[in-house]
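Counting starts at 1 for both ligands and their atoms, in listed order.
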Amino acid sequence: MTRAMIPAARPLIGQEERDAVDRVLASGMVAQGPEVAAFEQEFSAQLAGGRECVAVNSGTSGQHLGLLAAGLKPGDEVIVPSFTFAATANAVAVCGAVPVFVDVDPDTFCIDPAAIEAAVTERTVGIQPVHLYGHPAPMDAIVDIAQRHGLWVAEDAAQAHGATWDGAQVGTFGTFGMFSLYPTKNMTSGEGGMVSCDGPEIARQMRLLRNQGMEKQYANEIAGFNNRMTDIHAAIGRVQLTKLPAWTARRQELAAHFDAHLEGVTTPVVREQATHVYHQYTIRIEGASAAERDAFATALREEHQVGCGVYYPTPVHRLPSYGLELDLPVTEMLAREVLSLPVHPSVSDEDRDRIVEAVNTVAKAGA
Ligand SMILES: *Cc1c(COP(=O)(O)O)cnc(C)c1O
């Protein structure tokens, strides 16, 4: 018997998205225009507590421009977790600034406030927490550290559309918050990013930087980029926004089922102050070596046709692009132990039951 592979991730693009793209193509105006403006306003109302939002062509561009708008200069230090996607640190490095890598909390996979405190120097200008897998970083503690040391906070909310901490949406705590709209994220525009800004001055800088430094055509005020979103992409994103609440609810429902039924593996912790939106549902094979975890993943895929992923197998500080030897024991341990199961909204009840049975079977065999 051959069973279909349950994919680790699957972007959902429906007829409504196609119709929206058609409408833009038929209009003949496809570059940044009214769809982008409408998308910014709708995203702001739904996901950013009404803060002004600026759309760009990727999450990474959003982070880069946000850091420039916040005033990041060459030689400045920004504290970042090493257990994340490389883009978090890259945005700092391409500004000529220094990402200072710190350790994370083994329960939530998010940056550890005590590690932030220990890493502050006279060159530190900001903290860039990541709401990893859709679980918010502990923003009350992070904002407190930032205020005491006169630092700004830049939230990497690439994976956390709609997550909350103490009742407030992520992306509303820092100087800016970046959301990715890449196809595998909780919602997509094809490629794209959205930046929620703390006030009109940051938003204005973002708008200048994304469009060659122009607010008025050919009146360039500063040197900027072309990091604009197109109306084609914005039209897709607007439709996806309307579907996101149901998708998030399905992710949470699947996660609750996994929490209750998985055996022999460590299931993800959710802090009392947090609403988790499960970009990933990430288990730990506690005490495993990387090879043992990889064998677990191979068994899920090859014996049970259950797709899964390791995010991320190499801590960012050890990637060739940084090549640092640092003592970050929790990050190293998680890089060996984590495994993410399919939790996207197209996982059916039947798929869900197959995933539970597969994980429990592989865990039992390895115990
Ligand atoms: C996806 C992602 C990014 C980058 O977003 P893009 O839209 O792919 O540029 C940054 N940080 C994290 C944690 C991500 O998952």
Side-chain angles (χ1 to χ4, degrees), residues 8-9 11 36 39 43 47 53-68 78-95 99 101-102 104-105 108-111 126-137 139 142 153-163 170-171 174 176-196 206 209-210 225-230 233-234 236-237 240 251 276-282 309-317 319 321-322 331 334-335 338 340 343-344:
V36 170
F39 186 30
F43 194 100
L47 293 172
C53 286
V54 179
V56 288
N57 59 349
S58 75
T60 304
S61 303
Q63 199 84 1
H64 180 205
L65 301 194
L67 290 169
L68 292 173
V78 179
I79 298 171
V80 301
S82 182
F83 192 64
T84 179
F85 182 48
T88 308
N90 290 350
V92 175
V94 297
C95 293
F101 296 99
V102 302
V104 294
D105 169 353
T108 64
F109 312 106
C110 290
I111 197 164
I127 308 167
Q128 192 166 245
V130 181
H131 306 302
L132 199 71
Y133 306 145
H135 188 292
M139 293 312 295
I142 293 168
V153 176
E155 297 176 71
D156 181 337
Q159 308 184 347
H161 316 65
V170 299
F176 70 90
M178 175 278 284
F179 299 85
S180 169
L181 301 166
Y182 184 73
T184 58
K185 303 293 159 89
N186 293 39
M187 61 173 285
T188 186
S189 59
E191 287 263 17
M194 191 66 82
V195 177
S196 96
M206 283 288 311
L209 287 164
R210 107 178 139 179
F225 302 83
N226 173 1
N227 284 349
R228 297 181 301 260
M229 177 180 276
T230 73
H233 293 88
I236 298 171
Q240 294 256 315
R251 287 176 184 273
H276 197 329
V277 295
Y278 294 100
H279 171 61
Q280 300 292 348
Y281 184 90
T282 302
V310 174
Y311 314 105
Y312 299 87
T314 307
V316 178
H317 72 273
L319 292 171
S321 41
Y322 296 98
T331 294
L334 294 178
V338 293
S340 298
V343 73
H344 48 87

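Judged as a side-chain contact (heavy atoms from CB on, under 4.5 Å), and not counting sequence neighbours, the contacts of Thr314 are Arg318, Leu319. The side-chain hydrogen bond (donor to acceptor under 3.5 Å, both in side chains) search around Thr88 returns Thr84, Asp156, not counting sequence neighbours.
Polar contact with ligand 1: absent for Thr84 (N/O pair, distance under 3.5 Å). Considering backbone and side-chain atoms alike, Gly59 places an N or O below 3.5 Å from some N or O of ligand 1. Close N/O approach between Asp156 and ligand 1 is found [any backbone or side-chain N/O within under 3.5 Å].
Expressed to the nearest 0.5 Å, how far CZ of Phe39 lies from CD of Gln240 amounts to 8.5 Å. In this structure, CE on Met178 lies 13.0 Å from CE on Met194, to the nearest 0.5 angstrom. Here the OG-CD distance, from Ser180 to Gln159, works out to 8.5 Å after rounding to the nearest 0.5 Å.
Aromatic ring pairs are classed by plane angle as parallel below 30°, tilted from 30° to 60° and perpendicular above 60°; the pair His276 and Tyr278 is parallel. The aromatic rings of Phe101 and His317 are tilted relative to each other, their planes meeting at an angle between 30° and 60°. Below 30°, between 30° and 60°, or above 60°: for Phe179 and His161 the angle between ring planes is between 30° and 60°, a tilted geometry.
Other residues, nucleotides and ligands contribute more than 12 heavy atoms inside 6.0 Å of the OH atom of Tyr311.
Heavy atoms of Gln63 found under 4.0 angstrom from ligand 1: none, in either backbone or side chain.
Contact atoms of ligand 1 toward Ala158: 2 (C), 3 (C), 10 (C), 11 (N), 12 (C), 14 (C), 15 (O) (distance under 4.0 Å to a heavy atom of the residue). Heavy-atom proximity to Ala87, at under 4.0 Å, picks out these atoms of ligand 1: 3 (C), 4 (C), 10 (C). Within ligand 1, the atoms closer than 4.0 Å to a non-hydrogen atom of Ser180 are 1 (C), 5 (O), 6 (P), 7 (O), 8 (O), numbered from 1 in the order shown. Residue contact check: Thr88 has heavy atoms under 4.0 Å from atoms 11 (N) of ligand 1. Close approach to Ser58 involves these atoms of ligand 1, each under 4.0 Å from a residue heavy atom: 7 (O), 9 (O). Each of the atoms 2 (C), 3 (C), 12 (C), 14 (C) of ligand 1 lies under 4.0 Å from some heavy atom of Phe85.
Of all protein heavy atoms, the one closest to atom 15 (O) of ligand 1 is Gln159 NE2, 2.8 Å. With respect to atom 9 (O) of ligand 1, the closest heavy atom belonging to the protein is Thr60 OG1, 2.6 Å.
Residue Gly192 places a heavy atom less than 4.0 Å from ligand 1. Distances shorter than 4.0 angstrom occur between a heavy atom of Lys185 and an atom of ligand 1. The closest approach between Met178 and ligand 1 falls below 4.0 Å for a heavy atom of the residue.
Minimum interatomic distance between Val277 and Ala163 (heavy atoms only, all atoms of both residues): CG1-N, 3.5 Å.
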